[in-house]
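Not measured: the values here are computed from a predicted model. Only heavy atoms go into these numbers, but all of them, side chains included; no hydrogens, no water, no symmetry mates.
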Amino acid sequence: MIAVFSAALMAMLTLLALPVLLLLIQVLAAMAPRHAAGVPTLARPRLVVLVPAHNEAGGILNTLHSVLPQLQAGDRLVVIADNCSDNTAQVAAAAGAEVIARHDLVRRGKGYALDFGVQHLKADVPDVVIVIDADCLVAPQALDRLARVCGETGRPVQALYLMRSPPSAGPMAPIAEFAWVVKNQVRPLGYYRLGQPCQLMGTGMAFPWNVLGMVPLASGHIVEDLKMGVDLAAAGFAPLFCPEALVTSVFPESREGTKSQRTRWEHGHLAMITGEAPGYLLRALRSANSGLLALALDLCVPPLALLTLGVVASCAVGLAYYAISGQPGVLRLALLTLIGLGLAVLLAWARFGREVLSLGRLAYAPFYALRKIPLYLKFLVSRQVEWVRSKRDQG
């Protein structure tokens with residue numbers, strides 16, 4: 001009986017150790033010496049920038065002003081005023097954007113807005129469609145790089161998308177920003193250096209026009225970008241990472257906005273892990289689709305806070321089992337997993353996180369993870385399943 005229980009514990013710990021191993025591999029690969037990527041030599045494709053916007057009148061001007069100077073002759077900037085009750089459409093039009101309005105209070109969500117925009121573009125088809133969220137800033141030359149890489153490879157391309165903490169943020173905000181750096185910069189960069197694709201991140205996404213029809217856009221899925229990227233990989237068009245193109249945004253200042261945003265992201269990610277990741281893994285193995293396999297494995301890495309909680313809990317279980325049975329195998333695996341996670345986090349901080357937070361502040365990360373336990377418990381009893389726009393400070 002003890003042997004069976006020990007085997008079951010070892011199996012569970014192995015399932016936890018595998019994501020930690022993948023995270024460590026990604027971090028180590030990301031730390032390799034960087035060689036500047038060459039600029040694609042083909043002519044820049046004609047592009048359309050789609051900006052889905054729901055009640056973004058207070059902040060959309062900054063986004064549009066970062067996009068407009070990067071457009072060339074023949075390019076278009078289209079704002080989708082989606083179920084707006086403010087003057088988002090008027091502000092965008094006055095700034096020089098082409099505006100289309102969508103009104104549908106039943107089918108709500110960014111996926112529906114994007115589908116509406118794509119249907120509108122069928123009257124004048126572009127070569128490349130780039131999606132930029134209405135609260136983001138696009139760094140100079142980012143659109144040019146995205147369009148050229150997308151046109152040259154014929155695959156979706158994802159920009160480096162980073163979020164910053166607002167000046168008035170609390171003491172835990174830099175930890176959240178660092179976790180974002182690990183998720184959206186370190187891990188994709190590691191995969192990029194290993195020749196693997198990356199997940200779509202919701203903004204800074206470029207698509208060849210012919211690829212957009214490969215997967216349905218009209219969806220209320222709360223992490224529509226994550227699902228779209230894996231589905232595109234299944235169709236043979238795994239997204240590429242483009243670290244030279246930068247898109248940035250700022251976390252909401254309000255506690256309500258931050259809580260809503262993180263609940264949507266993390267509940268959506270966990271739902272993908274528990275509900276769809278096994279199917280993607282099987283499909284990748286059956287079809288020998290390496291891009292899909294890479295993204296399915298990457299999808300199985302939980303949010304960093306939850307992974308930390310799981311690893312610490314596994315050490316407690318391993319210690320208790322050793323005290324009862326005297327068998328050290330479970331404890332050894334748990335401690336190796338803890339060491340691997342700690343090494344991955346420290347290396348990621350040393351190379352990419354020093355400007356975000358100090359080492360002393362990083363020491364508070366376990367407390368940050370503890371504060372998120374209610375969010376993860378809510379996933380078990382009352383998970384978020386509908387798309388809800390996060391409340392921002394503009395109102």
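The closest side-chain heavy-atom distance from W209 to V48 is not below 4.5 Å. C300 has its side chain within reach of L281: a pair of non-hydrogen atoms, C-beta onward, lies under 4.5 Å apart. Counting only heavy atoms from C-beta outward, the side chains of L333 and L9 never approach each other to under 4.5 Å. In this structure, K372 and L306 have side chains that are not in contact, with every pair of non-hydrogen atoms separated by 4.5 Å or more. Contact of the L362 side chain with the Y368 side chain is not registered, since no non-hydrogen atoms from C-beta on lie closer than 4.5 Å. P188 places a side-chain heavy atom less than 4.5 Å from the side chain of M201. Annotation: side chain of L346 is in contact with side chain of L359 (closest heavy-atom distance under 4.5 Å). Between D104 and F116 the shortest side-chain heavy-atom distance does not fall below 4.5 Å.
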Step by step, would you call T63 with E56 a side-chain contact (heavy atoms from CB on, under 4.5 Å)? CA-CA 10 Å; T63 299; E56 300 284 1; over 6 Å; no

Derivation of the side-chain contact (heavy atoms from CB on, under 4.5 Å) call for F367 and I175: CA-CA 10 Å; F367 299 100; I175 299 176; over 6 Å; no

With side-chain contact (heavy atoms from CB on, under 4.5 Å) as the criterion, how do Y280 and D231 come out once you've worked through the C-alpha distance, each side chain's angles and the decisive distance to 0.1 Å? CA-CA 9 Å; Y280 284 129; D231 286 341; 2.6 Å; yes

Show your reasoning for whether salt bridge (Lys or Arg N to Asp or Glu O under 4.0 Å) applies to D133 and K110. CA-CA 10 Å; D133 279 354; K110 181 178 171 182; 2.7 Å; yes

Stepwise side-chain contact (heavy atoms from CB on, under 4.5 Å) test for F207 and L114: CA-CA 12 Å; F207 303 92; L114 290 178; over 6 Å; no

Applying salt bridge (Lys or Arg N to Asp or Glu O under 4.0 Å), run through D115 and R102 and close with a yes or a no. CA-CA 11 Å; D115 181 70; R102 174 180 177 270; over 6 Å; no

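Stacking of R361 on the aromatic ring of Y364 is recorded, both the 6.0 Å distance cut-off and the 45° axial limit being met.
At least one donor-acceptor pair closer than 3.5 Å links the side chain of N55 to the backbone N or O of S85. Panel note: side chain D75, backbone Q72; a donor-acceptor pair is recorded below 3.5 Å. Counting only distance, with no hydrogens or angles, the side chain of E224 and the backbone of Y112 share no donor-acceptor pair below 3.5 Å. For the pair R187 (side chain) and D298 (backbone), a donor-acceptor distance under 3.5 Å is present. R193 places a side-chain N or O within donor-acceptor distance of the main-chain N or O of A32, the cut-off being under 3.5 Å. With Q70 contributing its side chain and L143 its backbone, the two residues share a donor-acceptor pair below 3.5 Å. No side-chain donor-acceptor contact under 3.5 Å links N87 to the backbone of A57. With Q199 contributing its side chain and L295 its backbone, the two residues share a donor-acceptor pair below 3.5 Å. The backbone N or O of A17 sits nowhere less than 3.5 Å from a side-chain atom of T337 that would complete a donor-acceptor pair. Between the side chain of R155 and the backbone N or O of A238, at least one donor-acceptor pair lies under 3.5 Å.
Annotation: M31, atom CE; neighbour count of heavy atoms from other residues, nucleotides and ligands within 6.0 Å is above 12. More than 12 heavy-atom neighbours from other residues, nucleotides or ligands sit within 6.0 angstrom of CZ on R46. When the shell of 6.0 Å around CD of Q141 is examined, it contains 12 or fewer heavy atoms from other residues, nucleotides or ligands. With a 6.0 Å radius and a threshold of 12 heavy atoms from other residues, nucleotides or ligands, Y322 has its OH atom at or below the threshold.
Note on ring orientation: taking the six-membered ring where Trp is involved, the planes of W180 and Y161 are perpendicular (angle over 60°, cut-offs 30° and 60°).
By the criterion of side-chain heavy atoms lying less than 4.5 angstrom apart, applied directly or through intervening Ile, Leu, Val, Met, Phe, Trp or Tyr residues, V91 is grouped together with L77 in one hydrophobic cluster. Cluster membership check: L357 shares its hydrophobic cluster with L162, using side-chain heavy-atom separations under 4.5 Å among Ile, Leu, Val, Met, Phe, Trp and Tyr. A continuous path of Ile, Leu, Val, Met, Phe, Trp and Tyr side chains, each step under 4.5 Å between heavy atoms, connects V356 with V27, placing both in one hydrophobic cluster. I339 and L23 are assigned to two separate hydrophobic clusters, defined by single-linkage of ILVMFWY side chains at heavy-atom distances under 4.5 Å. Residues V247 and L68 fall within the same hydrophobic cluster, defined by Ile, Leu, Val, Met, Phe, Trp and Tyr side chains chained together at heavy-atom separations under 4.5 Å.
Side chains of E177 and S165: a donor-acceptor N/O pair is present below 3.5 angstrom, by distance only.
Nearest heavy atom pair, residue A95 against residue L61, reads CB-CD2, 3.6 Å. Pairing each heavy atom of A348 with each of V182, the nearest pair is CB-CG2, 4.1 Å. When every heavy atom of L146 is checked against every heavy atom of Q158, the shortest pair comes out as CD2-C, 4.2 Å. Between P52 and I132, the shortest heavy-atom distance links the atoms CD-O, 3.6 Å. Smallest separation of non-hydrogen atoms from P174 and P171: CD-O, 3.4 Å. Nearest approach of L299 to A277, heavy atoms of both residues: CD2-CB, 4.0 Å.
In this structure, CH2 in W349 is found 11.0 Å from CG in L347, a value given to the nearest 0.5 Å. With rounding to the nearest 0.5 angstrom, the OG1 atom of T88 is 11.5 Å from the CG atom of N83. Here CG of L21 is found 11.5 Å from CG of L16. Values are rounded to the nearest 0.5 Å. In this structure, the separation between CG on L13 and CG on L18 is 11.0 Å, given to the nearest 0.5 Å. Here CD of Q26 is found 11.0 Å from SG of C198. Values are rounded to the nearest 0.5 Å. One distance of note links CD of E266 with NZ of K378; it measures 12.5 Å at 0.5 Å rounding.
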